[in-house]
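What you see below is based on every heavy atom in this structure, not just the backbone, and it leaves out hydrogens, waters and symmetry mates. First the proteins, then the strands, lettered A, B, ... as listed; each starts at 1.
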Amino acid sequence: MDKDKIVGKPISRLEGKLKVTGAAKYAAEYEVENLLHAYVVNSPVTKGKIKSINIDKATALPGVITVLSHINRPKLAWFDLQYADMDAPPGTVFKPFYNDEILYNGQPIALVVAEDFETARYAATLVEFDFEEKPFETFLTDHTEQARPPKFGLATALKPPPPPPTGDFEQAYQDAAVKVESEYQHGTEHHNPMEMFATTTVYNGEGKLTIYDKTQGTINNQLFVANVFGLKYKNVRVLAPFVGGAFGSGLRPQYQLLLCAMAAIHLKRNVRLVLDRKQMFFFSHRPPTKQNLKFATDVNGRLTAMAHTALSETSSYEDYFESVASWSHKLYPAPNTLFEQKVVPLDVCTPLDMRAPGGSTALHAIECTMDELAYKLKIDPLELRLLNYSDTDPSAKKPYTSKALRACYLQAAERFGWKNRTPEPRSMTRGNKLVGYGMATGIWDALQFPSRVEAIINADGKLILNNAVTDIGTGTFTVMTQIAADELGLSIEDVDFRYGDSQKPFSMFQGGSAMTASTGVGIVVATKELKKKILKVARKMDNFPFAKSDDKDIIFEGGRIYLKADPEISISFKEIVAFNKGRNIKTTNMGKPHMLKLRNYSKATHSASFVEVEVDIELGNVTVTRAVTAVAAGKIINPKTAKSQIYGSMVWGISKALHEETIMDKKLGKYINTNLGEYHIPVHADIKDMDVIFAEEEDELINELGIKGVGEIGLVGMPAAISNAIFHATGKRINSLPIHFDELM
Amino acid sequence: MAKTILTVNGIRHELDLSPWVSLLDALRDRLLLTGTKKGCDHGQCGACTIICDDKRILSCLSLAVAKNGSEITTIEGLGDDDNLHPLQQAFIDHDAFQCGYCTPGQICSAVGMLKENRATTRDEVSELMSGNLCRCGANKGIIDAIMQVKDGGHYE
Amino acid sequence: MNNFEYLQAADADQAINLRDKDINAQYLAGGTNLVDLWKYNLTHPAALIDINHIGINNTITENPDGGVRLGAAVRNADTAYHPLVEERYPLLSKAILAGASAQIRNMASNGGNLLQRTRCYYFYDDQVPCNKRIPGSGCPAKTGYNRIHAILGTSDSCIAVFPSDMCIALSALNARVNVIGLDGERSIDFADFHRLPGDAPELDNNLKTGELITSIDLPENGFKDHYSYLKLRDRHSYAFALVSVATALKLDGKLITEARIALGGVAHKPWRVAEAEDFLINKEANRENFSAAAELIVQGAKGYGDNDFKIALAKKAIVRNCMMALDPSSQQPGAQPSA
């Protein structure tokens with residue numbers, strides 16, 4: 001009678017119909033009565049002060065309600081701490097409209113509120129400013145001398161600084177048989193989710209707001225709004241049932257939320273604020289970086305020394321930090337190491353985590369350096385990885401809870417046909433194209449946050465689960481339903497997972513590939529407790545047939561409980577709730593990572609990416625014709641949605657390697673390609689054959705479910721695999737991303 | 001203000017519109033048909049694709065008043081929960097979306113593309129669908145879904 | 001982003017007269033560029049005169065001279081897929097299909113394609129100087145980031161490029177542009193339609209104020225046997241050309257009897273060099289001769305730093321595209337290089 005487990009099945013997204021019929025509603029799409037429309041005015045100046053504002057022309061326009069700025073804004077919180085969301089880096093939080101200071105180009109400096117969208121947008125062009133401009137610094141590589149160690153704080157707890165040096169790097173490097181020294185530069189990138197940031201604020205009377213927001217963290221934003229405007233937590237509700245992509249940009253409350261709420265409170269009206277695509281470039285980005293690596297091996301190819309230093313941009317007011325220099329020693333066991341990372345504060349907006357922050361940056365450099373070593377050693381690049389394979393984490397001197405990277409290498413190599421590669425650059429051709437094969441390793445965190453879940457059995461015998469988490473397209477809704485269904489032996493139709501609402505029990509923001517493990521464990525803990533409560537009620541029933549049976553002899557299956565020994569005897573959840581006078585049976589419990597047990601282990605997901613490129617022999621034009629990525633990420637709850645996560649991040653890898661870059665004009669101190677016509681992400685024509693393998697990886701240590709998370713790992717190895725394939729095709733090492741095809745002519 | 005008659009998903013609407021209202025904003029803000037998405041508002045992403053007088057166009061670059069008298073089909077008019085358009089079903093089956101925001105535009109664009117009947121190979125389909133960006137990177141699933149419906153030949 | 005009047009012209013005369021009444025009125029056909037520019041606060045029309053219903057610009061017909069007339073309001077996609085164009089002017093068809101996206105091609109008019117404005121980053125940002133937008137304000141592109149900018153025919157005041165693909169083919173085909181204005185009708189050689197920036201970069205073309213494009217005439221010879229359009233860009237589709245090439249050849253055996261080579265993405269107008277085309281006459285159709293022609297075409301090219309690569313790229317692209325023209329079946333979706 002043990003029915004098939006739902007976990008592990010490729011279930012189609014449960015919200016699929018809503019999305020393909022256009023019924024799914026995003027933040028700007030809620031029908032609200034007497035709605036006002038707001039539009040942001042952004043600073044054309046990069047650094048300085050607002051000397052004066054003239055709003056006469058704007059307010060003279062029929063339909064304009066008000067123009068808000070630092071001059072006439074309502075009261076805001078004083079203290080930085082009150083603006084500090086859960087993901088705020090150390091420093092002084094940027095406070096929109098707080099004063100006359102301009103800290104970066106595109107900073108919001110006024111807000112027009114009008115009866116309709118068109119009027120607000122036009123009026124925004126009519127607000128006039130007088131600025132005092134100051135000299136600025138916005139270009140990372142022009143100011144490397146200002147690099148300094150970052151400050152660390154609460155939000156950086158998950159991103160530790162690089163591990164301390166080991167051995168004697170300088171001596172080992174000097175003495176080494178084979179060595180490679182290289183520099184890598186990455187440009188700025190913007191998250192650019194398809195849905196532009198938007199907030200609809202419903203004013204529910206004095207101090208009470210219902211907010212539809214684009215966010216990865218409903219509770220993070222609820223606390224932020226309440227703190228900034230001095231409202232009671234319970235009076236601020238943030239809803240985000242559908243989020244049109246975020247990729248990190250929704251980890252922190254963005255300024256449209258604060259300004260929309262400000263306008264609603266000030267006017268005591270319902271207000272909607274949608275950013276335009278250009279404004280999507282005026283908050284949060286992946287910082288540009290410069291990395292320097294020195295790797296050395298003995299004659300046999302065993303790594304003896306590794307040094308990795310990284311500089312990354314941050315703003316003048318907050319120390320954003322992502323781990324770049326920390327990764328190589330988690331993979332490779334060189335005895336002599338030196339890692340260092342510094343930030344360069346510039347007059348830009350604070351960067352923010354963007355899909356595989358730090359890791360995708362670092363592994364590009366590390367895995368291209370490994371490729372260079374392989375060529376110097378005349379060893380197959382895959383062989384070099386296997387030669388330096390470590391089952392443990394050398395940087396922490398701890399075993400991994402599980403690590404099936406070897407299986408990833410071998411299975412992906414087999415599927416890809418790596419053995420057909422002839423190592424010499426430019427040795428493989430196809431018509432007018434040079435063909436290149438490249439491979440690289442990926443590694444990413446396996447995080448888990450605390451998550452509180454309410455589990456309810458209702459009078460219909462159905463399971464309702466409540467948690468504040470969002471589903472930003474990751475499949476959270478579907479996989480949580482699967483997990484819950486198995487825990488209670490229900491079909492997915494009998495499980496109702498409710499999410500995307502700050503009024504529901506606690507969830508961290510959705511990030512770090514951590515949500516499936518976090519919310520999933522919350523569900524396991526809550527449903528376990530719920531089962532006990534169901535039994536407790538059932539045991540009081542007069543006709544309860546197995547009153548004396550032990551808990552472990554009882555099976556939950558198909559909305560009923562059975563006695564293992566005699567499946568003929570059963571009783572339904574419905575009957576139990578009916579006996580409970582129709583009152584729901586419920587419990588709320590917190591799932592937590594097993595900090596103590598895991599203290600002695602390192603945790604990571606791993607991947608291996610194999611890529612074939614074609615490079616036009618004359619014109620340099622590049623196509624990623626094939627890519628295979630194998631991932632070891634513990635148990636896969638839903639192979640269909642998990643594969644999509646990997647495919648998606650492989651596309652991101654292609655984009656990072658070949659397409660996307662935000663261009664900073666250093667004389668103007670501003671980004672100049674602030675639109676989707678000139679900020680290139682791949683189009684369908686860029687995406688050819690892709691394949692994903694999930695390597696078997698049982699992990700009984702990591703958490704109750706053996707889950708590690710798949711949101712980012714698929715991206716990590718791809719840029720290096722592509723760069724290495726391009727080297728193999730052309731004999732050219734291009735260490736700045738994105739690679740422009742003209743560099744390969 | 002100009003009287004503008006739009007027949008959307010078979011329903012005739014008489015709207016009093018100012019010339020500066022885009023067809024996209026008329027659909028979303030005035031007719032509350034929010035299935036048509038605003039991803040850039042400048043003709044650079046394809047999220048706002050609709051079928052207007054039998055052709056796929058971008059509603060963000062269209063002025064509503066200039067479309068007076070037009071027949072428009074949006075994602076809401078292609079199918080509903082109980083009667084999905086074959087492309088809608090194929091998108092679900094192939095997991096051809098993640099966040100879902102580009103999805104209505106992708107599907108409307110694919111409907112128009114299949115009607116145009118100019119693509120045979122997968123590469124040609126990909127080329128003719130390249131006006132629809134997907135930031136989640138669901139490109140493979142999207143083209144798989146379209147190819148299945150195209151090869152099945154039952155998309156009218 | 002101002003509001004404007006929307007006026008529908010019933011015929012060409014009415015359109016011209018409405019335009020004449022208001023210096024700030026503009027014609028509206030497909031709107032794909034105009035609405036975009038308006039939404040970026042770069043143009044501020046007082047009125048838009050809809051010219052889609054004036055009756056004289058929405059067909060594709062054969063001309064008595066054996067050529068074909070393309071109505072100015074006919075959509076780009078309808079033009080590319082029109083049997084007369086597909087069969088007789090496949091170069092034009094391929095070039096149109098290499099531009100923008102399918103949706104935009106369904107909307108954009110032929111006349112509008114000729115009038116689209118540059119995609120220069122600095123032109124598109126209303127908060128920075130730009131001589132094309134505000135004459136005399138300066139050109140940040142010259143010393144800024146200029147990967148997408150011109151290498152030929154630039155001036156001190158402007159290094160913007162003209163972004164069309166369709167027009168590169170029209171240039172190679174020696175099309176003529178028919179216009180109507182207050183002074184009556186006239187016909188303009190394609191080579192004289194667009195202009196180089198010189199010291200008046202605000203002017204993209206030689207239309208007189210208020211003139212309306214009614215049609216484009218294609219001469220009889222459509223080079224249907226030996227043609228190719230190649231477009232090189234930072235992704236495989238839906239991006240503007242860094243360099244594009246339209247090649248049309250007439251061959252007698254291995255000998256070239258007529259050659260047309262037009263470059264896109266490199267100048268303020270489609271770029272053709274008569275000297276190079278003349279050079280190829282009576283020469284064998286081979287890489288060596290095409291390379292020599294390519295040298296002549298990019299003669300005098302000047303890079304501005306980030307776009308230096310365009311000089312070498314243009315030369316290689318010309319050679320490749322001429323070779324592709326020998327076998328038009330080498331055409332790839334999205335005008336990608338031959339396999």
Side-chain angles (χ1 to χ4, degrees), chain B residues 1-4 17-25 40-69 105-106 108-110 112-133, chain C residues 1-8 28-40 42 44-53 75 77-78 80-81 86 93 97-108 112 116 119 124 231 233 235-240 331-336 339:
Chain B
M1 294 295 231
K3 198 169 94 177
T4 306
L17 290 177
S18 194
W20 66 356
V21 177
S22 72
L23 180 56
L24 174 60
D25 291 324
C40 72
D41 216 16
H42 286 278
Q44 297 161 344
C45 78
C48 68
T49 304
I50 53 148
I51 313 288
C52 179
D53 299 328
D54 273 342
K55 285 184 175 173
R56 50 173 165 162
I57 65 161
L58 300 178
S59 57
C60 76
L61 292 183
S62 306
L63 299 176
V65 290
K67 293 296 172 194
N68 184 27
Q106 301 276 0
C108 286
S109 185
M113 196 267 306
L114 293 175
K115 196 170 280 179
E116 288 158 15
N117 196 23
R118 288 281 168 176
T120 308
T121 64
R122 188 183 175 96
D123 279 354
E124 286 165 353
V125 167
S126 295
E127 163 60 29
L128 290 178
M129 284 299 298
S130 282
N132 292 84
L133 304 182
Chain C
M1 284 180 247
N2 57 300
N3 207 347
F4 43 80
E5 244 188 305
Y6 171 76
L7 307 165
Q8 224 174 64
L28 172 75
T32 50
N33 195 202
L34 176 55
V35 173
D36 181 41
L37 292 165
W38 164 73
K39 282 189 186 178
Y40 276 123
L42 302 176
H44 313 93
L48 292 182
I49 305 160
D50 191 331
I51 52 160
N52 290 299
H53 311 281
R75 292 344 196 197
D78 293 335
Y81 292 137
E86 275 199 306
S93 184
L97 295 176
S101 68
Q103 292 96 311
I104 291 175
R105 297 192 294 266
N106 278 341
M107 303 170 72
Q116 62 183 305
R119 310 302 298 200
Y124 256 85
K231 183 173 182 182
R233 37 185 162 173
R235 63 183 173 193
H236 284 2
S237 187
Y238 206 16
F240 292 94
Q331 300 289 291
Q332 299 293 317
Q336 289 287 302

Side chain, backbone, both or neither: which part of C60(B) has a heavy atom under 4.5 Å from chain C? both

Picking from L63(B), T4(B), N68(B), D25(B), what satisfies side chain to side chain contact (heavy atoms under 4.5 Å, CB included) with L17(B)? T4(B)

Just so I understand: if I count every heavy-atom pair under 4.5 Å between each of G43(B), A66(B), G112(B) and chain C, which residue has the most? A66(B)

Hey, is E116(B) close enough to R105(C) for a salt bridge, meaning N to O under 4.0 Å? no

By a 4.5 Å heavy-atom criterion (distance strictly below it), what part of C48(B) contacts chain C: side chain, backbone, both, or neither? neither

D36(C) side chain reached by Q116(C) side chain, heavy atoms, under 4.5 Å: no

Taking C-beta and beyond as the side chain, do N33(C) and R119(C) meet within less than 4.5 Å on heavy atoms? yes

Kindly indicate whether the side chain of R233(C), heavy atoms from C-beta on, has any atom under 4.5 Å from the side chain of F240(C). no

Residue part contacting chain B, namely of N3(C), when any heavy atom lies under 4.5 Å: both

Quick check on L97(C) against chain B: is it the side chain, the backbone, both or neither that has a heavy atom closer than 4.5 Å? backbone

For N2(C), which atoms come within 4.5 Å of any heavy atom of chain B: side chain, backbone, both, or neither? backbone

Go through the steps to decide whether K55(B) and D78(C) satisfy the test side chain to side chain contact (heavy atoms under 4.5 Å, CB included), and finish with yes or no. CA-CA 11 Å; K55(B) 285 184 175 173; D78(C) 293 335; 2.6 Å; yes

Pairs of heavy atoms under 4.5 Å with chain C: top-ranked of T49(B), I57(B), L61(B), D41(B): L61(B)

Tell me, side chain or backbone of S126(B) under 4.5 Å from chain C's heavy atoms, or both, or neither? neither

Applying side-chain contact (heavy atoms from CB on, under 4.5 Å), name anything that partners E124(B), two or more places apart in sequence or on another chain. A119(B), T120(B), T121(B), P333(C)

Could you look at H236(C) and say if it's the side chain, the backbone, both or neither that has a heavy atom under 4.5 Å from chain B? backbone

Pick from V35(C), N52(C), L34(C) with the largest number of heavy-atom pairs that fall under 4.5 Å of chain B: V35(C)

Are side-chain heavy atoms of R75(C) and N106(C) found at a separation under 4.5 Å? no

Greatest number of heavy atom pairs closer than 4.5 Å to chain B - which of S101(C), A102(C), S237(C): S237(C)

Among the listed options A100(C), G334(C), G31(C), the residue most often paired with chain B at heavy-atom distances under 4.5 Å: G334(C)

